[in-house]
Each structure stands twice: as C-alpha cells, then as structure tokens.
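In what follows, chains carry the letters A, B, and so on, assigned in the order in which the sequence lines appear, proteins first and then strands, with residues in each chain numbered from 1. It should be emphasised that the depicted structure is a prediction, and the values quoted were computed from it without experimental measurement.
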Amino acid sequence: MANTFKLEVVTPQRRLLSLEVEEMKAPGQEGEFGVLAGHTPFLTVLKPGEIVYKSGAETGVLAVSRGYAEVLPEKTTVLVDYALPESEIDADKAKADAQAAEDALKAMTQEDPAYQMTLDRLEYANARLRVKEGLKG
Amino acid sequence: MASLKDIKRRIKSVKNTRQITKAMKMVSAAKLKRAQDEIVAARPYAEKMLDLIASLASKASSDSHPLLENRGGNRVGLLIFTSDRGLCGSFNSQILRNAERFLRERGPVEASVYTIGKRGGEYFKRRGLKIINSKNMGSGRPQYGSAAEIASDIIGAYMRNELDEVHIIFSEFKSALTQRPVVQKLLPISAPEKDEKAAEEGDYLYEPAEGGVLAALLPKYVEVQAFRALLETSASEHGARMTSMDSASKNAGQMISGLTLVYNRLRQAAITKELMEIIGGAEALK
C-alpha cells in the first residue's frame, strides 16, 4: 500500500490544494491531530489554526479558519470557510484583523451570539500571523 | 412628414444607443466569464458539504436538531434573489413571477419575504408583503461573508419561531442563454437522498460526537445554499443582460439601416425635385 494519501483543501471560493502527501496535521476542535495514510474514517470539526502537510521533502503550511475535516484511508478533505497559504498572507491585514477582533471582544460578553464568531476571527488572524512569521524565522 | 434633418438626428441618437448597448454587452460577457469560473470553483465545496449532510442527516432523527424538525405551521418565509439593476430582459420579472405563483399555489399562508437585490426589494415594498430584510446584491463578486450573514438572519428568525418554513427562490444558471428560476425548500432541512456510495463508506468516528458535528454542519449547509444562490443569480444576471443587450444592439442596427434608407430616399427626392425646377426654369427662358 502506498504511504501517501490525497489531501484536498477546499473553501467556498476555490480549491486551494489537491496534493498527494505523506503526513498532515490539523487543529481539531478537541485537540490537534495528525493523519498518515490508511487512517480510520474520521469526521471532525476544525477550529482556526494551521494545517501542516509533508509531501516528499517539501513541507507546507496553511492558515485555516473554522471548518470540517473528513478523513478516509486514502483521502482527506478539509472544508473551511477561509484558508491561505503562506505566500498569500498579508501580515499587515492580519494584524489589523486581529486588533479589530480583539477590540470587538472586549465590548462583548461570553453570551453574545457573535462572541464565538469574533473569537474565531481573532484566532484565524493569529494563525495567519504565526504562519507568516514561522516560515520567515 | 419628417424632414431630412429630423431623420438625421434620429439616426444619430439610435447610433449612440447602439454603442451603449454594445458596450454593456461586452462588459456583461466579461463578468459572465468570471462568474462562471466562480461557480465552478465553489462546486467542490458545495458537493462535499452535501455528501456530509446526507450521510449525517440520514442517521439522525428529525427531532435531534431544530433545523431538521418539521413544525407544520403556515408562516412561510421566502428568500428571493434578484439583481440590483435592470436592463437584463425578463430576468427579474421571471423570478418575481415565480415567487407570486409559489404564493398563489401555497394558498393562504402568512408570508414574509427576505429580498436580496434592489429589484426584488422594490417590488415587494409595493406589494405590501411583510419584509424581514432587504439587501442589495452589491457590486463586485459575491462574497461568502454576505451569504453567511443572510444565513444567520434566516436561521435566527427560524430558531426564534418566527418562521415555520423557508423557501429560496433564485435563478439557476444553465448557460449564457438560459436561466431558469427555481424554488427550493431551504428549511426545515430534509435529508437529501442518500446515495449508495455514502452508505458503503459507512461509519465514521466523530469528534465531537455526532450530534455536535451535525449542529455545526447544518447552519453551514444553509450558508452554502445561500452562497450558491448568490453565485448562480449573479451569473444568470450577466447572462441575461448579455443576451438582451445583444438583441438590443441588433434591433438598433436594423433601425439604423431602415432610417438610413428613408433618409437616402428623401435626399434623392429632394435632389430630383431641385433638378426639375432648374430644368423647368431653363425651358421657360427659351
């Protein structure tokens, strides 16, 4: 059996990634998880964070927002609202987003229906910053 | 009888009109291409989402989540997608006519509408139906964020028990030449037909538990549907505008050639008349 599997990352706007990879890591709602080829079928909710994948000698990182991952033995599909590879991240915009979300959070209580959404926005912005800076350093 | 000058002026004005309609056609053609690409790009996500919903909803019972529950009331919400601008043939009136027919066929219901697109908004304001909200399509490409807003408004109204049923009316993009208005039931969500493939793939491990995933996934489904409607409507609008502007340009061309014919004939008649007068004058001098 091949030791690679297909990783697809799709957002409503486009198919961001479709690639044979050996390994990937994703931020699950209940903790980060890793996938190798031949994983048990698995469906989970993702929280905003980074997806790391390894394909040959190459390692890629994507910043993703909230979404879902469907893991099958030979294919993993990630459905997220927004996702960006390192090259497309605008650090200034991410910083501004993080700041705006933080300010909005201060004015809200935890019961506010928009609270979770704003928190997600903050985390997605932070994830983008981490991806951008992680690869630079 | 129109004078030469009048006809010349008409020709000029029709020519101007033709220029505009031609330009609009070009713009729509370019926008249509982009809108089509967007529909294609959005498809993998929407299909995957449908797969997931199908495999989850077939396992869950209909009362496990309020969005699946059939309340059987008669407060019907309509989510209607139209364009902001006119000049696209019967595009908007077809959608609105479909909405009217739907309401007529449903019989006495307590209907309220949520319109996207200025045209629909203005129409229903005059009709005096209860309006939940009106939004414009806005210029530029449809954003997922606006679909998410629409979805959360609709889900909110449904959860607060203000609506028992929600239908979505938009124009499905078949090709540049054909757009078909469709009416679809959005809420409560009925489990789509489960296909063989999903059944075979069988059981997943769920994290968090099945119910949790379902609760997170169902609102997403509504968003995806709204986004799809936005994209399809926008592509259809450009398609409709392109065809109607194309025929407008053709009609203008026909009108110009007709007018030019009349113009030339009149001019010829005037020259002949003048010649006759000169000849007549010369004869008289002999």
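Both the backbone and the side chain of B/L217 come within contact range of chain A, judged by heavy atoms closer than 4.5 Å. Heavy atoms closer than 4.5 Å to chain A are found in both the backbone and the side chain of B/Y144. Neither the backbone nor the side chain of A/F33 comes within contact range of chain B, judged by heavy atoms closer than 4.5 Å.
When the shell of 6.0 Å around NZ of B/K185 is examined, it contains more than 12 heavy atoms from other residues, nucleotides or ligands. Applying the 6.0 Å contact sphere to CE of B/M26 captures no more than 12 heavy atoms from other residues, nucleotides or ligands.
In this structure, the separation between CZ on A/R14 and CG on B/D37 is 13.5 Å, given to the nearest 0.5 Å.
Here the closest heavy-atom approach between residue A/E70 and residue B/K48 is recorded as OE1-CE, 3.0 Å. Taking both residues in full, the closest heavy atoms of A/V80 and B/Y45 are given as O-CE1, 3.5 Å, listed atom of the first, atom of the second, then distance. Residues A/R15 and B/P44 approach most closely at NH2-CG, 3.3 Å, considering heavy atoms.
For the options A/V10, A/V45, A/L79, heavy-atom pairs under 4.5 Å to chain B are most numerous at A/L79.
Contact annotation: the side chain of A/Y68 approaches that of B/K220 to within less than 4.5 Å [non-hydrogen atoms, C-beta and beyond].
Heavy-atom proximity under 4.5 angstrom to chain B picks out A/Q29 from residues 16-29 of chain A.
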